[in-house]
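In what follows, chains are A, B, ... by sequence order, proteins preceding strands, each numbered from 1. What you see is a predicted model; the values in this text were computed from it and never measured. The figures that follow rest on heavy atoms only: side chains count, while hydrogens, waters and symmetry mates do not.
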Amino acid sequence: MGTSADLMKAVYDPAEIEPRWYPRWEEEGVFKPEYRPDGEPFCVVIPPPNVTGSLHMGHALNHTIHDVIARRRRMQGYAVLWLPGADHAGIATQNVVEKSLAERGLNRFDLGREAFVDQVWEWKDVYGWRITRQIRRMGASCDWTRERFTLDEGLSKAVLEVFVRLYEDGLIYRGERIINWCPRCETALAEIEVEHRPEDGDLVKIAYPFSDGSGEVVVATTRAETMLGDTGVAVHPEDDRYRHMVGKQVRLPLVGRLIPIVADRGVDPEFGTGAVKVTPAHDPLDFEMGERHGLDRILVLDNEAVITEAGGRYAGLDRMAAREAVIKALDAQSALVGREAYRHSVGLCYRCDTVVEPILSLQWFVKVAELTGPAIEAVRSGRSRFIPGHWEKSYFHWMENLRDWCISRQIWWGHRIPAWYCPSGHVTVARSDPDACQECGAGVLTRDADVLDTWFSSALWPFSTLGWPDETEDLARFYPNMVLITGFDIIYFWVARMMKMGLRFLGEVPFRETVIHGLVRDGAGRKMSKSLGNTIDPLAVADRYGVDPLRLALIQAANPGQDVPLDMEWVEGTRRFGNKLWNAVRFALRHLPAGSVPPAGGYPARPGPVDSWVLAGLGEVAARFDRLSDEYRFSDAYGLLYNFSWAEVFDWYLEMSKVALARSEGAEVTRQTMGVVLRDILKMFHPAIPFLTEELWSNLVGEGLLAGADWPEIPAFDPVPRMDDLKALVSGVRQFRAAQGLSRRRMIPLGVSGAPPRWVIDLVEAMAGVQIHMWTGQSEAGHIRLPAGPWEGFIPRRGLVDPVAERERIDRQITRLQRLVVGSSAKLENPHFVERAPESVVMGERRKLAEASERLASFRRQREAL
RNA sequence: GGGCGUUUAGCUCAGAUGGAAGAGCGCUUCCCUUACAAGGAAGAGGUCGGCGGUUCGAUUCCGUCAACGCCCACCA
């Protein structure tokens, strides 16, 4: 007769079981909040991945954390909505498509705007499914019926609404400012989209002669080519070296323009020569100085960072070529008075790594200062909190130092700015195509060509996805979201902006908690990067080891704020755990009819000591597991459960259960206990390893889906304190065996004093491979003593003991105990300790000393007797 | 130049309110015991970054220094 265990292979095979379950979960509607119609709403939104992107390890970590939260809450009875979706990722996506066009020798201008955007939509339709499939493959319990896309109709409506309202409130304006320009993407960028990196360059010093021929002033720069656009030289008003020059004119070398020397407090007299060339069109600081002194703004770089007509004979040269040409020309006319290697920070485009240029440009901006107040207050007051809390400091620091957010992008893929211009230059901002200029009534209008920063729509994600600006049921039910899970790298890009927009438009924080997780690193703790070649593809890991092992490896390292090291060895380890769990259930099914374990409850009314012990342990672990999970300390929660399952349940309890199962008496209770303990372990593991646990559930319980089951509620059981003593007795014998090299087959007679109950005797005999007889005598010299709480084991030396090995064993114990005794005595001999330490501590110390002394003496006698 | 974080076993990390240093992996030895050799049993291994201070007692609290990491910043 085959048991149901025989239906299970002896080896856990993720590849076989993982494809089975996702369709089932979806069919049953487990992932929809409607699955728990009476549950409290619990909503999280996915940080929308780039629609044409591919799943990387950062997603795998983020989605695993989301899923662990969502699945546990669902089992706890919440109406969970994990809302999935994707981001159109303006520049990034456009770059990808442009690259593919380039392979065909085309650029976007060849296609024209409309055809190009159509092309991107086609890409979206092809590649958008890739990331979705990958997210499903990872087991993410998203409600796909509510999937959203930042460029879909509803979200576009939300973007439009927000833009128009902010414009009407005066918080969005169009203006000419120095912005960061990426000459490769050919678009403006926001401040935070520029990454700064130190690079080697030259600091060149140039002499600008006074127009009256009375001398010269020397300025320093790392961007020599910008001198073509200089319209002034500035010095500090109190700098005695230069004070007398203020008001003079200098003749700009190469160009010949006459420009003034002005005094400005923005100049740092300590730096360089203390005199600075002023290029108002190509430097933010210079722009401000130019404003203060009425200097001209001359653009010398165009959209591709090529010198403009204003650059005279350098026009047409790329900025880098122009830099060299300018330096060479200056040198030729002896205006170059210094050139030294200089390491300085340059700004790079966060999308393509190209050096950005500060350029004067007409762009749209959000006045963020007026949005930050509520966003700071919400966090300060605790209405929304960060986990770990210290991120709040960074959040505040960031919020308090914000400049206006440049939101217009000169690309085609995105939400087009809802602004129209009439021939007279009036601006009309409207929710739909206006018929006429709202200022002058002109009927011929052209729409602004720019689109909005991708992050503008991302900022609305927690409510736009729920239907806002319409007053939908979902919006009422699921806003605010409960928790946002994200990496620290997008706190500023995303979290802070969602906070501002949510508070502005819904008057309430978008989420109650922000859980910050770390970066996935390699086994050596290095950041994963393409250049280091140490990136790990989560799907390749899933293919090789399984999704569940990958998820468990990630979650077991994922405490808030901590980086997650990932090595294939770790994944191998979690797969071994999966195998262990698999086999534990297989063992149980040898003794239980398949499907005989109830989906909930079913705890034995009168468990024996062993069953009671494991149930008490389970209850305690479950309680701690819940506390840790509530604090998002998943590494600790799953570490705890993992250790308990393996070390206590598999290594001790299942072994012990074999004794009871071999008998008729008590076997039924043990079967029952074994079933519910394994069932509850499956439940607690399910959020982390959903596929494996669901598969095992189908064998063990066979009723309903584990994904839709209830979270364990474990009644209190007597913890059976004697269990530790029993284990000590068994371990003592095992140690002795190991030290003496005695095989397990060799039966050892063991005298036990203190009259342990029958069940203890049975267990020790079975587990330690001993034959027990009650011991009442004394004769210590001829025996090895194994203290175990109220009992003591005695193993006769004769014929069993190799004196050398035994001496080693005893000496180790003596050394350990001596250290203890010395330390403890010193403490107790210290009058201050006895006087001032709490009574309980002193008592404990005395007991400790007495116990250790007694055991030490015993070991010494044993050693002498050898 | 500011701000934040980290420093405990070979590696990756736990160690609430201060009272005999922990886990996983790796390593050593033994064992194919009827769920599992992707396993079992036993074991070795730590001046808790340095120095001061508070305390009867500090990995834990305070100060300081050091190393490493990250973020922000308009040094031309």
Side-chain angles (χ1 to χ4, degrees), chain A residues 5 8 10-12 178 192 196 203 219-223 226 234 266-268 270-279 283-288 342 344-345 358 388 390-391 393-394 397-398 401 488-489 491-492 519 521 523-525 527 556-557 559 561-567 569-570 572-591 633 635-636 639-640 642-643 646-647 650-651 654-655 658 730-731 734-739 741-745 767 769 812 819-820 823-824 827 830-838 840-842 844-845 848 852:
Chain A
M8 291 173 67
V11 175
Y12 158 52
I178 297 280
I192 56 172
H196 297 273
L203 185 67
V219 298
T221 181
T222 53
R223 293 189 297 152
T226 63
V267 177
D268 175 8
E270 304 295 315
F271 188 87
T273 61
V276 56
K277 59 191 271 310
V278 183
T279 323
D283 183 279
L285 189 59
D286 292 6
F287 176 81
E288 286 171 22
Y342 185 69
H344 65 297
S345 171
H390 68 80
W391 281 107
K393 288 178 196 161
S394 302
H397 185 259
W398 159 258
N401 292 287
F488 55 81
D489 49 332
I491 290 179
Y492 307 143
L519 252 43
R521 294 172 176 274
K527 201 165 162 174
Q556 277 218 58
N559 270 345
Q562 278 183 349
D563 284 346
V564 174
L566 185 72
D567 192 287
E569 270 182 25
W570 306 172
E572 212 148 338
T574 50
R575 191 190 43 162
R576 278 199 292 269
F577 175 81
N579 191 57
K580 190 75 182 171
L581 185 59
W582 176 270
N583 276 290
V585 170
R586 208 161 70 98
F587 168 73
L589 287 172
R590 300 204 151 195
H591 302 279
R633 296 178 54 169
S635 170
D636 296 337
L640 171 73
Y642 182 101
N643 286 331
W646 203 319
F650 304 154
D651 286 347
L654 291 188
E655 292 307 315
K658 289 175 183 173
V730 173
S731 295
R734 284 171 173 174
Q735 260 175 53
F736 170 78
R737 245 186 230 285
L742 293 175
S743 124
R744 215 192 110 80
R745 293 176 187 286
M767 301 187 72
R812 263 204 308 277
R819 250 201 307 259
L820 251 163
S824 196
K827 227 182 217 184
N830 180 348
H832 295 297
F833 172 70
V834 182
E835 267 168 45
R836 304 193 194 179
S840 61
V841 173
V842 177
E845 200 63 34
K848 188 170 89 188

In the strands shown, is B/A16 matched to any nucleotide by a Watson-Crick or G-U wobble pair with both distances under 3.5 Å, and which? none
Watson-Crick or G-U wobble partner for B/C11, using a 3.5 Å limit on both distances? B/G24
Nearest-angstrom distance, P atom, B/C36 to B/G69: 49 Å
What's the closest nucleotide to the side chain of A/Thr221 if the choices are B/A20, B/G24, B/A76? B/A76
With heavy-atom distances below 4.5 Å as the criterion, would you say the side chains of A/Trp570 and A/Pro565 are in contact? yes
Which one, B/G15, B/A76, B/G26, comes nearest to the side chain of A/Asp636? B/G15
Phosphate-side-chain proximity, A/Trp398 and B/G2, N/O vs OP1/OP2 below 4.0 Å: no
Base, sugar-phosphate alone, or nothing: which one does A/Lys827 contact when heavy atoms must sit under 4.0 Å apart? nothing
Phosphate-side-chain proximity, A/Gln735 and B/A41, N/O vs OP1/OP2 below 4.0 Å: no
Indicate syn or anti for B/A16, taking the glycosidic torsion and treating anything within 90° of 0 as syn. syn
Looking only at B/C72, B/A76, B/A41, the nucleotide nearest the A/Phe271 side chain is B/A76
Interatomic distance at C1', B/G40 relative to B/U33, whole Å: 8 Å
Does some side-chain heavy atom of A/Arg734 sit less than 4.5 Å from a side-chain heavy atom of A/Met767? yes
Please determine, for the side chain of A/Asn643, which listed nucleotide (B/A23, B/C36, B/C4) has the closest atom? B/A23
Ignoring backbone atoms, establish whether A/Arg737 has a side-chain N or O less than 4.0 Å from OP1 or OP2 of B/C30. no
For residues A/Gln556 and A/Ser635, is any side-chain donor paired with an opposing acceptor at under 3.5 Å? no
For B/C75 and B/C61, measure between their P atoms and round to the nearest Å. 37 Å
Name the closest nucleotide to the A/Leu820 side chain, picking from B/A20, B/A76, B/A41. B/A20
Parallel, tilted or perpendicular, as decided by the 30° and 60° cut-offs, for the rings of A/Trp646 and A/Tyr642: tilted
With a 4.0 Å limit, can you tell me whether A/Arg819 has a side-chain N or O closer than that to the phosphate oxygens OP1/OP2 of B/A21? no
In this structure, how many angstroms lie between the P atom of B/A76 and the CD atom of A/Glu288, rounded? 16 Å
Does A/Val11 reach the side chain of A/Asn579, with side-chain heavy atoms less than 4.5 Å apart? yes
Provide the distance between the two C1' atoms, one in B/A41 and one in B/U55, to the nearest whole Å. 44 Å
Are OP1 or OP2 of B/A42 and a side-chain N or O of A/Ser731 less than 4.0 angstrom apart? yes
The nucleotide from B/A38, B/A20, B/U33 with an atom nearest the side chain of A/Arg744 is B/U33
Need one value for A/Pro358: base, sugar-phosphate or nothing, where a base atom within 4.0 Å counts as base even if backbone is also close, heavy atoms only. nothing
Interatomic distance where CZ belongs to A/Arg586 and P belongs to B/U34 [whole Å]: 12 Å
Scan A/Thr222 against the nucleic acid and name what it touches under 4.0 Å (heavy atoms): base, sugar-phosphate only, or nothing. sugar-phosphate
Using the C1' atoms only, state how far B/C65 lies from B/G19, rounded to an integer number of Å. 29 Å
In whole angstrom, what separates A/Phe587's CZ from B/U33's C1'? 13 Å
Pick base, sugar-phosphate or nothing for A/Val267, based on heavy-atom distances below 4.0 Å to the nucleic acid. base
When you measure from the side chain of A/His344, which nucleotide among B/A38, B/U12, B/A76 comes out closest? B/A76
Taking the inter-plane angle between the rings of A/Phe577 and A/Phe650 on a 0 to 90° scale, is it parallel (under 30°), tilted (30 to 60°) or perpendicular (over 60°)? tilted
Tell me what A/Val834 touches on the nucleic acid: a base, only sugar-phosphate, or nothing, going by heavy atoms under 4.0 Å. nothing
Heavy-atom nearest nucleotide on RNA chain B taken for A/Ala275 and for A/His196; more 5' hit belongs to A/His196
Would you mind classifying the nucleic acid contact of A/Asp651 as base, sugar-phosphate or nothing, using non-hydrogen atoms under 4.0 angstrom? sugar-phosphate
Could you tell me the separation between the CZ atom of A/Phe650 and the C1' atom of B/G39, rounded to a whole number of Å? 13 Å
Taking only the side-chain heavy atoms of A/Pro565 (C-beta and beyond), determine which of B/A42, B/U12, B/A76 contains the nearest atom. B/U12
B/G18 and B/G1: how far apart are their P atoms, nearest whole angstrom? 37 Å
In whole angstrom, what separates A/Lys393's NZ from B/G5's P? 5 Å
Using atom C1' in both nucleotides, what's the gap between B/G24 and B/A9 to the nearest angstrom? 12 Å
Exam field: side chain A/Asn583 to backbone A/Arg586, donor-acceptor pair closer than 3.5 Å: no
By nearest heavy atom, map A/His591 and A/Ala220 onto RNA chain B; which one lands nearer the 5' end? A/His591
Tell me whether the guanidinium CZ or amine NZ of A/Lys580 lies under 6.0 angstrom from the six-membered ring centre of A/Tyr12 and within 45° of its axis. no
Under 3.5 Å, side chain of A/Arg737 to main-chain N/O of A/Gly769, donor-acceptor pair present? yes
Going by modelled atom types, is there a donor-acceptor pair between the base of B/C36 and the side chain of A/Lys580 at under 3.5 Å? yes
Select one nucleotide: of B/A20, B/A35, B/G24, the one nearest the side-chain heavy atoms of A/Asn583. B/A35
OP1 or OP2 of B/A76 sitting under 4.0 Å from any side-chain N/O of A/Tyr342? yes
Paired with B/A67 by Watson-Crick or G-U wobble geometry, both distances under 3.5 Å: which nucleotide is it? B/U6
Tell me the interatomic distance from A/Asp563, atom CG, to B/C11, atom C1', rounded to whole angstroms. 16 Å
So what does A/Tyr492 hit on the nucleic acid, given a heavy-atom distance under 4.0 Å: a base, only sugar-phosphate, or nothing? sugar-phosphate
Atom C1', compared across B/C51 and B/G45: separation rounded to whole Å: 27 Å
A/His390 NE2 to B/G3 C1', straight-line distance once rounded to whole Å: 13 Å
If I take atom CD in residue A/Glu835 and atom P in nucleotide B/G57, what distance separates them, rounded to the nearest angstrom? 13 Å
Strand partner of B/U59, provided both Watson-Crick or wobble distances fall under 3.5 Å: none
May I ask you to say what A/Arg575 touches in the nucleic acid, namely base, sugar-phosphate or nothing, with a heavy-atom cut-off under 4.0 Å? base
Quick check for you: among B/G15, B/G39, B/A76, whose closest atom lies nearest to any side-chain atom of A/Arg576? B/G39
Please confirm whether the shortest side-chain N or O distance from A/Lys527 to OP1 or OP2 of B/C70 is below 4.0 Å. no
Look at the side chain of A/Glu655 against the base of B/A35 and say whether a donor-acceptor pair falls under 3.5 Å; ignore hydrogens and angles. yes
Applying side chain to side chain contact (heavy atoms under 4.5 Å, CB included) to A/Ser394 and A/Phe488, what does each step give before you reach the verdict? CA-CA 10 Å; A/Ser394 302; A/Phe488 55 81; over 6 Å; no
